Amino acid sequence: MSVKINGTMTLADVVKEYPQTIPYLNELHLDYCCGGHSPISTTVRENNLDEAELLGKLNELAEKAPQNKNSAEDIERFEKLSVNEMLDDLEETHHVTDRRLMKDAEDSLNKILIAHYPHHGEMLTELHHKFALLKADLEEHFAKEERYTFPIMRANPEPDAEQVQLVKDLEDEHTAAGDVIKEIQELTENFTLPADACPTFAHTYAVLQDLFNDIFIHIFKENSVTFPEYYEKASNAGACSVR
Ligand SMILES: [Fe+2]
Ligand SMILES: [Fe+2]
């Protein structure tokens with residue numbers, strides 16, 4: 001097996017090249033989108049993981065054909081688009097999917113909050129509250145992208161420093177959303193169902209997981225594909241060094 005992935009690469013680089021690694025990274029709850037810009041060696045230290053084992057597994061997956069062909073093909077397809085086409089695509093795919101999943105999760109979460117309040121009231125209240133915060137943040141973020149920042153990007157294919165900063169503000173909002181997602185993962189012990197969970201409880205957790213997995217790909221595409229390509233086109237190169 002030839003080694004392709006090493007400790008100096010970031011998880012965002014890995015996913016860009018080998019999207020088939022996404023399910024494995026999700027399993028380990030490793031962030032490849034919002035905070036995926038540290039070298040793997042640093043990420044490994046922070047998460048108390050074995051670097052050799054992680055790199056071994058990532059390289060093994062990199063050798064294989066993608067298992068989940070759909071998401072790997074989707075990312076490959078996305079990377080070939082122009083910046084403007086990417087912006088249209090993000091709005092037509094992830095913005096629609098994430099809004100639908102958030103609505104479903106909100107309804108189900110309210111149902112289980114009522115039904116399971118006697119035994120799980122404390123945890124479900126906290127979950128309900130954190131999710132409401134995340135949903136509000138993301139709805140406002142999507143509206144800002146669709147009605148403000150993306151139109152500015154389309155109208156200014158060679159951005160100045162101010163326009164670059166507007167896009168960087170979106171990255172900060174992604175980080176904030178990623179932090180709330182991590183809190184929800186911790187609170188639910190990575191969506192471990194209690195013994196007395198009903199089918200609606202299971203459905204709620206499944207929808208939240210689907211939602212988060214889609215958000216991770218959504219943010220990865222924006223932070224690691226679309227925005228860097230846009231920054232590269234900046235008319236004043238000195239004003240746009242990517243963080
Ligand atoms: Fe977006
Ligand atoms: Fe975004």
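Side-chain atoms are counted along with the backbone in the values below, which use heavy atoms only and exclude waters and symmetry mates. Since the structure is predicted, the reported quantities are computational estimates derived from the model, not experimental observations. Numbers here simply count residues along the sequence, with the first being 1. Counting starts at 1 for both ligands and their atoms, following the listed order.
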Closer than 4.0 angstrom, basic N to acidic O: yes or no for [X] and [Y]?
X	Y	result
K4	E63	yes
E173	K144	yes
D104	R100	no

For this session: Mark yes when over 12 heavy atoms from residues, nucleotides or ligands other than H29 sit less than 6.0 Å from its NE2; otherwise mark no.
Result: yes
Problem set entry | Vertex the Fe ion (ligand 1), arms to H218 NE2 and E222 OE2, rounded to 10° | 90°
Exercise. Backbone or side chain, does H94 get an N/O/S atom under 2.8 Å to the Fe ion (ligand 1)?
Worked result: no
Problem set entry | Name of whichever N/O/S atom of E145 is nearest to the Fe ion (ligand 2) |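 Nearest to the Fe ion (ligand 2) within E145's N, O and S set: OE2.
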Exercise. Do you see an N/O/S atom of E173, backbone or side chain, under 2.8 Å from the Fe ion (ligand 2)?
Worked result: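 No, outside the cut-off.
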